[in-house]
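Here the structure comes first, spelled out in structure tokens, and everything after it is commentary.
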2 protein chains.
Amino acid sequence: MSVEPLPNIDRSTLRERVLRALRSAITSGRYRPGDHLGEVDLAASLGVSRGTVREALRHLQQEGLVMASTRGMLRVNTLSATEIRGLFRVRAALEGLAVREIVASPRRDAAVAALRESLLSLRDGDDFGAQVEADLGFHMRLCELSGNPMLVESWRHLEGRIRATIMNREPDEAPAMMTPARHSPIVDAIAAGDLDTAIAVVEEHMAAAADHFAGPAES
Amino acid sequence: MSVEPLPNIDRSTLRERVLRALRSAITSGRYRPGDHLGEVDLAASLGVSRGTVREALRHLQQEGLVMASTRGMLRVNTLSATEIRGLFRVRAALEGLAVREIVASPRRDAAVAALRESLLSLRDGDDFGAQVEADLGFHMRLCELSGNPMLVESWRHLEGRIRATIMNREPDEAPAMMTPARHSPIVDAIAAGDLDTAIAVVEEHMAAAADHFAGPAES
DNA sequence: GACATGTACGCTGTCGACACTCCAGAGGAG
DNA sequence: CTCCTCTGGAGTGTCGACAGCGTACATGTC
């Protein structure tokens, strides 16, 4: 009898796997913003029924990665400059709360260590996709370390739109936003326990990102 | 030929109507927190197919009004005290941002007027359900007046959980939270243009609500 | 040639049926 | 009496098919 512990069985439902596949296909650039996502085509491509694809698409719609167009058809979402600016202001508010809760927490040191670790992933990425993942991973980690599950939930709700925004840009333009140099000041301010500075840093970070992705201040 | 402009035809899809019906049934207390929502029963009650009910339920799940339990079954969501506290902290962050944007906006006076109007609905409600609607309507209005669609979107994403929290309480206990007296200071501070005070008022308002719904500070 | 009308096609909306999993309780072996 | 086994039933998971709606093209009329 074999001693090795048998591979874990994937108990995820078909809908969940289709969901992940579609999400990945969109955020990886396989489908471009504005592309039509037809249920029949996708169902045929993935080898599943329309109903299953349908549920996954509806989920992505609520995530903001997909938007409805005419006659109930779904397209990859694309955000206006105004929406992008608003999006990053909401992010600033949420991540500002995260910073606030981390600074107030007794586990602040552990949180700082975890964030420093997340920063490492940002350094060694020459691949654009990996760079994006590392950036979002850092900010998501920031929310998780707040210990507030609702904050994480709210941030995740925006994640699809964040990704849609980033993917709207050519890969060449964005990397400057995602360097460790832009993120370490946040961690430093948290480590110093200086709440006001930390929040100011986060807001500046988000404002710069908004300018980058929405085009410099037009409003 | 008749001159009257023909009644508007309801073009909403069956799924949308089922969604509204279920949401209303839950937030009105027709189903209690923890109740099992079986697809077959609901489909039979509503006279639609399981697939249609299913899509509506999945939507409500993402809204947080419904949660998954064992074997993929869905139940009316119920939040822990910790989650409730976190929820209201996130609300404070979001509505704080709303206040901030309104104060900074040139249309501040119009916003104040709109908020004052919303306050009126709070006054004349002896019906508990109407009172809740008026309260949530005020806060939602606050977000809308920020002019930031993403902020509204994020707030709406929490709305289901907020309602689930309120509905967890007996109707008799809550009304004190929803008096005009508790809301007008927010509007007054906005009208005065005093940002710091306004945000402090919002945070105090949310902290009090958290204590009320989660039980006084145990953490 | 321009406009109204008919018509085929593509797509989503909705449905009913079958498959599968899990839990609870009956029933037998020890 | 206790434990294991088996068998129903209650649910959800997934599927294929039909129906309805709109668009775009073809057809006919003036």
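Values below: every heavy atom of this structure, side chains too, minus hydrogens, waters and symmetry copies. Here is the naming used below: chain letters follow the sequence lines, and residue numbers restart at 1 for every chain.
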Looking only at side-chain atoms of [X], point me to the closest of [options].
{"X": "B:R50", "options": "D:dC15, D:dT12, C:dT14", "answer": "D:dT12"}
{"X": "A:S49", "options": "C:dT14, C:dT12, D:dG16", "answer": "D:dG16"}
{"X": "A:E39", "options": "C:dG13, C:dT14, C:dA17", "answer": "C:dG13"}

Just the rounded figure in Å: distance from [atom2] of [N] to [atom1] of [X].
{"X": "B:E55", "N": "C:dT14", "atom1": "CD", "atom2": "P", "answer": "8 Å"}
{"X": "A:R17", "N": "D:dG13", "atom1": "CZ", "atom2": "C1'", "answer": "11 Å"}
{"X": "A:R54", "N": "C:dC11", "atom1": "CZ", "atom2": "P", "answer": "15 Å"}
{"X": "A:I9", "N": "C:dT21", "atom1": "CD1", "atom2": "C1'", "answer": "15 Å"}
{"X": "A:M73", "N": "D:dT23", "atom1": "CE", "atom2": "P", "answer": "9 Å"}
{"X": "A:E16", "N": "D:dG13", "atom1": "CD", "atom2": "C1'", "answer": "11 Å"}
{"X": "A:L19", "N": "D:dT14", "atom1": "CG", "atom2": "C1'", "answer": "16 Å"}
{"X": "A:D41", "N": "C:dG10", "atom1": "CG", "atom2": "C1'", "answer": "10 Å"}

Note, A:Y31 side chain near A:L65 side chain (heavy atom, < 4.5 Å):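 A:Y31 vs A:L65: side chains apart.
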Pairwise side-chain contact, B:N168 with B:L79, heavy-atom cut-off 4.5 Å (strictly under):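 Answer no - side chains too far apart.
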Residue mapping more 5' on DNA chain C - nearest nucleotide basis, A:H36 or B:T52: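 The residue whose closest nucleotide sits nearer the 5' end is A:H36.
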Nearest-nucleotide 5' precedence on DNA chain C, B:R15 against A:R11: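 This one resolves to B:R15.
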Main-chain N/O of A:E101 paired to A:S105 side chain as donor or acceptor, under 3.5 Å: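 Not confirmed, A:S105 side chain does not pair with A:E101 backbone.
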Residue closer to the 5' end of DNA chain D, A:V48 versus B:G72 (nearest nucleotide):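 On the 5' side of the pair lies B:G72.
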Partner of A:E63 by side chain to side chain donor-acceptor pair (under 3.5 Å), out of A:R23, A:H157, A:R156: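 Exactly one option meets the side chain to side chain donor-acceptor pair (under 3.5 Å) with A:E63, and it is A:R23.
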Touch check for [X], heavy atoms < 4.0 angstrom, all strands: base, sugar-phosphate only, or nothing?
{"X": "A:G51", "value": "nothing"}
{"X": "A:L57", "value": "nothing"}
{"X": "A:L37", "value": "sugar-phosphate"}
{"X": "B:V40", "value": "base"}

N/O donor-acceptor pair, side chain B:R71 with base D:dG13, under 3.5 angstrom: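 Absent.
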A:H139 and A:H205 aromatic ring geometry - parallel, tilted or perpendicular at 30°/60° bounds: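 If you compare the ring of A:H205 with that of A:H139, the planes turn out tilted.
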Residue-phosphate contact under 4.0 Å: A:T13 side-chain N/O, D:dT12 OP1/OP2: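 No, outside the criterion.
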Under 4.0 angstrom between B:R75 side-chain N/O and D:dG11 OP1 or OP2: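 For D:dG11, OP1/OP2 do not have a side-chain N/O of B:R75 under 4.0 Å.
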Carboxylate-amine/guanidinium contact B:E133 B:R163, below 4.0 Å: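 The answer is yes: the pair qualifies as a salt bridge.
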